[in-house]
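Read through the structure below, which is laid out as structure tokens, and then see the notes.
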Amino acid sequence: MTASRVLVLNSGSSSVKYQLLDMADSSRLAVGLVERIGEETSRLTHEPLVGGGTDGTDGAGGKRERVGRIADHGEALRAVAEELAADGLGLDSPELAAVGHRVVHGGTKFTHPTLIDDAVLAEIRALIPLAPLHNPANVTGIEVARELRADLPQVAVFDTAFHSTMPEHVARYAIDAATADKYSIRRYGFHGTSHAYVARATAALLGKPEADVNVIVLHLGNGASASAVHGGVCVETSMGLTPLEGLVMGTRSGDIDPAVVFHLARVGGMSVDEIDSLLNKKSGLLGLCGDNDMREVQRRAQEGDAPARLALASYIHRLKKYIGAYSAVLGRVDAVAFTAGVGENSSSIREMALAGLEELGLALDLEANAARSPEPRLVSAEYARVAVAVVPTDEELEIASQTYALVTR
């Protein structure tokens, strides 16, 4: 029996998302989430998607929940292992080929999926200053998974890796080079697994080899980023040293004059931590109108609410600006692809973002754009020079694919 299953783990500061996939046919066997780790109200939600449980019943669709304190990530992953085992999908299965871990920051060291050993884990730990909110939890998830299955290949797949192909003149900030090198200051980009998956899926949707397609990918969720992908290779992305740069987001400001930080410190008397919190957690849509849910912002804007209309206009303006800039960067654009929660589900955001960009070859088929579907699809007008695609992202499948390719090559 050839082992073809991959367990994908995405360990957050107080959560663990997981999926078990069979790479023989890219099917999902189970999905789940452990949230509020360390609290009395911890919750594990587990859903087997195929096969049967140990009681002989059909596992598919049988969502189960555990509620009650889960002390730490170790206890969380052991609980996940128990739920998988109850469906005959346990971590001791000979069909399990590897565990793939989402790791947010790989710095300049990790530009490809990487087998994890002690040295690699130490390097990931050393990158914590570049991603203090994410890499510590990623490290914890790796440590616990290695304890549970020390014999199993563990693979790190990095959010930053896809963007590591950016030319040096794009990745560099125009600051003193010695200072930048000393403190690893450069543009890294994030959401890389999503951008990689969507760029490739868009080429497939067009029926062309990935190497022949130039795509602007717009990953629009609570966090949002854009990328310019030339023949499958990222040449520019909107996020930088951190996920703060770029588009207007749910709670992040996106692009801002760096002198705002100095002004708030000198004139406002704010500390570095207070400014960090302001720009990352209290800005973007939330800062402009008090809501970070795009559905609520749009509802309020339609009712004439002035702050919501301002927030929506700022969001759309920044999107248009990046579409125009990346059209210039690529020279030739074959498609603009919308993905993630807002990008996939809001026809009106897509319509507003592309309105007035006919000179760039962009035009929507309004009926196709308004239709809902879980499948990748084209929503551009037949006469449009540039295709417009809606591509549901699948970061877990991308992580599993990269993991499986590494351990079976």
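These numbers come from the heavy atoms of this one structure, side chains and all, not from hydrogens, waters or symmetry mates.
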### Query
Would you say the side chain of Val99 lies within less than 4.5 Å of the side chain of Leu152, judging by non-hydrogen atoms?
yes
### Message
Would you compute the distance between atom CD1 of Ile142 and atom CG of Asn135 and round it to the nearest 0.5 angstrom?
### Response
8.5 Å
### Task
To the nearest 0.5 Å, tell me how far Thr160 OG1 sits from Lys109 NZ.
13.5 Å
### Task
Examine the side chains of Tyr322 and Asp255 and answer whether a donor and an acceptor come within less than 3.5 Å of each other.
yes
### Message
Closer than 3.5 angstrom, by distance alone: can the side chain of Ser238 be matched with the main-chain N or O of Gly246 as a donor-acceptor pair?
### Response
no
### Query
Does any N or O in the side chain of Ser227 come within less than 3.5 Å of the main-chain N or O of His195, such that one atom is a donor and the other an acceptor?
no
### Query
Are any of the side-chain heavy atoms of Phe190 and Val104 separated by less than 4.5 Å?
yes
### Pairwise side-chain contact, Leu115 with Pro153, heavy-atom cut-off 4.5 Å (strictly under)
yes
### Query
Would Arg146 and Gln154 count as having a side-chain donor-acceptor pair, cut-off 3.5 Å?
no
### Side-chain heavy atoms of His263 within contact of Met270, under 4.5 Å
no
### Message
Glu245 vs Arg187, test: salt bridge (Lys or Arg N to Asp or Glu O under 4.0 Å). Steps then yes/no.
### Response
CA-CA 9 Å; Glu245 188 178 354; Arg187 302 183 66 244; 3.5 Å; yes
### Query
Between His105 and Tyr188, does the ring centre distance come in under 6.0 Å?
yes
#### Entry: Between Asp87 and His46, a side-chain donor and acceptor under 3.5 Å
yes
### Chi angles and distances behind the side-chain contact (heavy atoms from CB on, under 4.5 Å) call for Asp365, Asn369
CA-CA 6 Å; Asp365 178 324; Asn369 184 53; over 6 Å; no
### Task
Return yes when atom CZ of Arg149 has more than 12 non-hydrogen atoms of other residues, nucleotides or ligands closer than 6.0 Å, and no otherwise.
yes
### Message
Side chains of Tyr315 and Leu247, heavy atoms from C-beta outward: is any pair under 4.5 Å?
### Response
no
### Query
Given His191 and His163, is the ring pair (Phe, Tyr, Trp, His ring centres under 6.0 Å) satisfied, shown in steps?
CA-CA 9 Å; His191 296 147; His163 305 301; 8.5 Å; no
### Query
Is a salt bridge present between Glu143 and Arg125, judged by a nitrogen-to-oxygen distance below 4.0 Å?
yes
### Query
When rounded to the nearest 0.5 angstrom, what distance separates CG in Asn214 from OH in Tyr326?
14.0 Å
### Task
Test Ile124 against Phe158 for side-chain contact (heavy atoms from CB on, under 4.5 Å), laying out the working first.
CA-CA 10 Å; Ile124 295 172; Phe158 299 89; 4.1 Å; yes
#### Entry: Residue among Val31, Val80, Leu96, Leu91 satisfying side-chain contact (heavy atoms from CB on, under 4.5 Å) with Leu20
Leu96
### Test log, rule side-chain contact (heavy atoms from CB on, under 4.5 Å), inputs Ser327 and Ile216
CA-CA 8 Å; Ser327 296; Ile216 297 172; 3.8 Å; yes
### Message
If I take atom OG1 from residue Thr251 and atom CG from residue Asn280, how far apart are they, to the nearest 0.5 angstrom?
### Response
7.0 Å
### Message
Side chains of Asn138 and Ser11: any donor to acceptor distance under 3.5 Å?
### Response
no
### Query
Quick one: OG on Ser164 to CZ on Arg186, what's the gap to the nearest 0.5 Å?
9.5 Å
### Heavy atoms from other residues, nucleotides or ligands near NZ of Lys17 exceed 12 (cutoff 6.0 Å)
no
### Query
Any Lys/Arg nitrogen of Lys282 or Asp276 sitting under 4.0 Å from an Asp/Glu carboxylate oxygen of the other?
no
### Task
Would you check, one step at a time, whether the test side-chain contact (heavy atoms from CB on, under 4.5 Å) holds for Leu406 with Thr403?
CA-CA 5 Å; Leu406 179 62; Thr403 296; 6.0 Å; no
### Query
Would a distance-only check, ignoring hydrogens and angles, find a side-chain to backbone donor-acceptor pair under 3.5 Å from Ser347 to Ala370?
no
### Message
I want to check something: taking the side chain as every heavy atom from C-beta on, are Ile349 and Leu319 in contact at a cut-off of under 4.5 Å?
### Response
yes
### Side-chain heavy atoms of Val157 within contact of Val155, under 4.5 Å
yes
### Query
Is the number of heavy atoms from other residues, nucleotides or ligands under 6.0 Å of Tyr183 OH greater than 12?
no
### Task
State whether a side-chain donor-acceptor pair under 3.5 Å links Glu398 with Gln402.
yes
### Query
Is there side-chain contact between Met23 and Leu21, with heavy atoms separated by less than 4.5 Å?
yes
### Query
Do Thr193 and Glu395 have a side chain donor and acceptor closer than 3.5 Å?
yes
### Message
If only side-chain N and O atoms count, and only distance matters, is there a donor-acceptor pair under 3.5 Å linking Arg36 with Thr41?
### Response
yes
### Query
Does atom CD of Glu382 have more than 12 heavy-atom neighbours, drawn from other residues, nucleotides or ligands, at distances under 6.0 Å?
no
### Query
Is Arg377 reaching over with its side chain to a backbone N or O of Ser373, donor-acceptor style, under 3.5 angstrom?
yes
### Message
To the nearest 0.5 Å, what is the distance between OG on Ser283 and CD1 on Ile256?
### Response
6.5 Å
### Task
Tell me yes or no: between the side chains of Arg372 and Asn345, is some donor less than 3.5 Å from an acceptor?
yes
### Message
Whether the Thr393 and Ser194 side chains hold a donor-acceptor pair (N or O, under 3.5 Å, no angle test) is what I'd like checked.
### Response
yes
### Message
Checking the side chain of Asp291 only, and the main-chain atoms of Asp293 only, is there a donor and an acceptor separated by less than 3.5 Å?
### Response
no
#### Entry: Cationic N near anionic O, under 4.0 Å, Arg64 to Glu47
no
### Query
Between Arg78 and Glu83, is a salt bridge (Lys or Arg N to Asp or Glu O under 4.0 Å) present by the stated rule, with each step listed?
CA-CA 9 Å; Arg78 282 186 283 274; Glu83 293 295 336; over 6 Å; no
### Task
Could you pull out the closest heavy-atom pair between Leu44 and Tyr18, with the gap in Å?
CD2-OH, 3.9 Å
### Message
When you compare the side chains of His73 and Thr140, does any donor N or O come within less than 3.5 Å of an acceptor on the partner?
### Response
no
### Query
Does CD in Glu367 sit with more than 12 non-hydrogen atoms of other residues, nucleotides or ligands closer than 6.0 Å?
no
### Message
Testing the 3.5 Å rule here: is there a donor-acceptor pair between the side chains of Gln298 and Ser348?
### Response
yes
### Query
Will you find, in the side chains of Thr339 and His219, an N or O donor that is under 3.5 Å from an N or O acceptor?
no
### Cationic N near anionic O, under 4.0 Å, Arg299 to Glu303
yes
#### Entry: Crowding at CZ, Arg66 (>12 non-hydrogen neighbours, <6.0 Å)
yes
### Query
Are Asp273 and Ser271 linked by a side-chain donor-acceptor pair shorter than 3.5 Å?
no
